[in-house]
Number of protein chains: 2
Amino acid sequence: MSVTLKEVAARAGVSRSLASLAMRNDPRVSARRREAVLKAAAELGYRPNAHAAQLASRRTMTVGVVLVELHNPVYTEIFTGVQEQAEQAGYGVLLTGGELLTADTERRAIDGLLEHRVDGIVLVGPRLASKDLRELADRVPLVVVGRHVQGVDSVAVDTRHGTRLAVEHLVGLGHEDIAHIDGGNGPGAESHRRAYLDTMKQHGLSARNRVVRGDYTEHGGRRAAETLLSSTHPPTAVFAANDLSALGVLAALKHRGMSAPEDLSLVGFDNTVLAQYGYIDLTTIDTPRQDMGATAVTTLTARIEDTGRPTRPAQLAPRLIVRSTTMPHTGV
Amino acid sequence: MSVTLKEVAARAGVSRSLASLAMRNDPRVSARRREAVLKAAAELGYRPNAHAAQLASRRTMTVGVVLVELHNPVYTEIFTGVQEQAEQAGYGVLLTGGELLTADTERRAIDGLLEHRVDGIVLVGPRLASKDLRELADRVPLVVVGRHVQGVDSVAVDTRHGTRLAVEHLVGLGHEDIAHIDGGNGPGAESHRRAYLDTMKQHGLSARNRVVRGDYTEHGGRRAAETLLSSTHPPTAVFAANDLSALGVLAALKHRGMSAPEDLSLVGFDNTVLAQYGYIDLTTIDTPRQDMGATAVTTLTARIEDTGRPTRPAQLAPRLIVRSTTMPHTGV
DNA sequence: TTGTATGCGTTATCAA
DNA sequence: TTGATAACGCATACAA
C-alpha cells in the first residue's frame, strides 16, 4: 500500500527503530543519521501511520471535540479557541458534529471518538443527560462546555451576570417596561429568566416583569416580539436571550414599519458575528467564546495528566457591548 | 488500558476471530454465538479500537473533509451534505478545518488526514494551487468542492449561470444602471465578473457596466457600496458577489438613511441563512450546497472503488430566490 | 548512539 | 460454523 518506516530505514541504511526516533526528533540520534532518514522519508513520500503509532504507543495525543451545532457561530468560535490551545499544548484535534445533534447522534459521535482512542473529549453544548455525562467522564477525561454538570469538569459563561448587565443597561437608560424573550427549555434559559426577574426586582420593577416564550431561534424571537408589540401596553425595551432571537425582534419591528432603538430598545446575548454587522449593529452581551474553548483544553489536559484531581466548574465573565439598538427612554 | 476483543472472546467462551466476526455482524456466525459475544461486549463496555482495525484491514471506511472556513455557512452546509451522503454510503467522516485556512495550514490539515489513512479526501474551498491538488489526487482519492481543477474530480456551482440569473432579474425589473460588487481575487470572482459583463452586453447595457472591488466580506461590500452611493450617478441596482457583501451594502444604505429596495435594488449570491432572516430578507441566488456535498461523496466513493476512472467536473445549477430587496425600477 | 526483539488490538488466511 | 496463526506499522525496553 503506502510507504512504511521499514522502507525508509532501508533506504537510509539504518534500523527501523532509529528511523522511528529520527522521525520524532529524538535528541539521541546523530545529525548525520537524522538527515539521512529525513531525506529518505521525503524522497519516498513517507507518511507516518497514525494508527500504528497509537497502537504501539497507546496514546494519540489528540483530543476529540463534539460540536452540537456546526452552523452556530457560538459553537464554532468556541472550537477556534479549542484548536488554538490544543496546538499550543501539542495535541491534535478530532472534530465531529452535525447540523443539530440530538442526544442520540451525539452519543454516536462520542462513540466514534472513543473508538479512535482520543486522549480526552470536549463536549460543546451537549444534549446528553447529566447522568450520562458523569458516566462518560468516568471512562475518559472529559470537559463539558456551555453548562455545568455536577462531578464533571466544565466551563460556561456566567449567564446571571450577563443578564444583569443587559437589564441594568436598559434600566440605566431610563427604561422600566423591559420585557424578556427567553430561551424556552433550552440550555441556560432558566438561568436567564431568573436573573432577569431578580434584577427587575432589585430595581423595584417587579410590577413590570414580562417574560415571553422564545426558543433561541430567529423565528421564535419574531413571534415573541409580535406578541409584545400587539399587546395593549408594549414594552419600551426588550432583552432577548440570544442574538438570533433579537434578530427576530428586528424583523418584527421592520415588518410594522418600526425600528430599534427609536421604537424599542433591544439587547441581545452572545455578541455573535450577527450582532457585529453594520446593518444589525446590535447592543449585546459578549461571551468570551475563544477563552471558553481555550479554558476547556487546559482543563482537559490537566485532567489527562492527573485523572484523580477534583473536578471544577469554570465560570467566565461576560461583558456589555453597547451598539446602536439601545437608547434612553424618551419621556412617557 | 481498555477492554479488548480478547477479553470479550474469553467471557463469551469463543475464539477471538469469532468474536471479531460477531462484532461486525458477519452472517456466518451462529445466532447463539453472536448473542453471547454481544452480551459479553456490552457487559464489559467494549469499544472496538479503530486503529487496530485499520492496521489489520488496511481500510478505515472514513473520508476526510477539510473545510477552509469553519465559520462560513456556505461551507458548513456543504459539510452537512457530505455527512449525510457518507453515512448513506457506510463511511465515517473525519472533519478538519479552522477559522480561515491558508495554503499552509490547509496542507497540514491534509497531512493529518493522510496520516489517519482516510480512504479519500474532500477539500471544500481549497486554497492550494492546482498543481498541488493534482499531485495530491495522485496519492489519494480526492474531490475538490468549489472550483474546478484540471485532472481532479470536482464539484462546483455554475457561477456564470447564477450571475446571469441575478443580472437578468434586475434587467427584467427595468434596471439599467446595474453595478457589480465583485469578489476581488477570491475564488469564483473572475467568473462572476465575466458573466456580469457578458450579460450586460447581451442586453445592450455595456455602457452602464460598473464593477467595484469587493472581497466577499461585509466590510468590503460596505466600502464598495459607499463608493457607489457617493458617486455622481449612483446605480439603481447592485449585484453583490455574495450575501455577505450584500449585507455590507445594506449597512451602507442604512447609514445614509436609505434602504433597499426603495433606494436601491440588491441581489446577493449563495442564499445563506443571512439572506433568509426576516430582517434582511435578501433576494439572492441559491446554490445547492447540500447537493454539492452529497455529489462530492458519491464522486469520491466512485473513485475509491475505481482509481482509474476518468476525472470529471460536476457542475450544479443555481436558482433565483426573489425576496424583498428588489423591485421594479421607478421611472427616471 | 544504534540495533534487536517484542507487543499493541484487530482482521485475514487457512485449516478443521 | 469455528479456531489457530500470521500479518498490519510502529514504539519501546533492552542489549550492545
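Lettering follows sequence order; numbering is per chain, from 1. All of these numbers come straight from a predicted model, not from anything done at the bench.
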- Query: Taking for each residue the nucleotide of DNA chain D bearing the nearest heavy atom, is the 5' side occupied by B:Ser15 or by A:Tyr46?
  - Reply: B:Ser15

- Item | Residue met sooner reading DNA chain D from 5', once B:Gly13 and A:Gln54 are mapped to nucleotides |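 Residue closer to the 5' terminus by nearest nucleotide: B:Gly13.
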
Is there a donor in the side chain of [X] and an acceptor in the side chain of [Y], or the other way round, less than 3.5 Å apart?
X: A:Arg16; Y: A:Ser20; result: no
X: B:Gln315; Y: B:His148; result: yes
X: A:Thr102; Y: A:Thr105; result: yes
X: B:Arg289; Y: B:Thr287; result: yes

- Message: With a 4.0 Å limit, can you tell me whether B:Arg59 has a side-chain N or O closer than that to the phosphate oxygens OP1/OP2 of C:dA12?
- Response: no

- Task: Evaluate the side-chain proximity of B:Val157 to B:Pro288: yes if any heavy-atom separation is below 4.5 Å, no if none is.
- Result: yes

- Query: Can you check the B:Arg28 CZ to C:dT11 P distance for me, whole Å?
  - Reply: 12 Å

- Message: Please identify which of these residues, A:Arg303, A:Arg59, A:Arg58, meets the salt bridge (Lys or Arg N to Asp or Glu O under 4.0 Å) condition with A:Asp119.
- Response: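 Result for salt bridge (Lys or Arg N to Asp or Glu O under 4.0 Å) with A:Asp119: A:Arg59.
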
- Note on the structure: Those residues at least two apart in sequence (or on a different chain) that pass side-chain hydrogen bond (donor to acceptor under 3.5 Å, both in side chains) with B:Glu87 are A:Arg108

- Task: Go through residues 30-38 of chain A and report each residue with a non-hydrogen atom lying under 4.0 Å from DNA chain C, sorted by number.
- Result: A:Ser30, A:Arg33

- Would you call the rings of B:His51 and A:His51 parallel, tilted or perpendicular if under 30° counts as parallel and over 60° as perpendicular?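 Aromatic pair B:His51/A:His51 classed tilted.
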
Just the atom pairs and distances: protein N or O near nucleotides 5-8 of chain C's N or O, under 3.5 Å.
residue : atom : partner : partner atom : Å
C:dC8   : O2   : A:Leu55 : O            : 3.3
C:dC8   : O2   : A:Ala56 : N            : 3.4

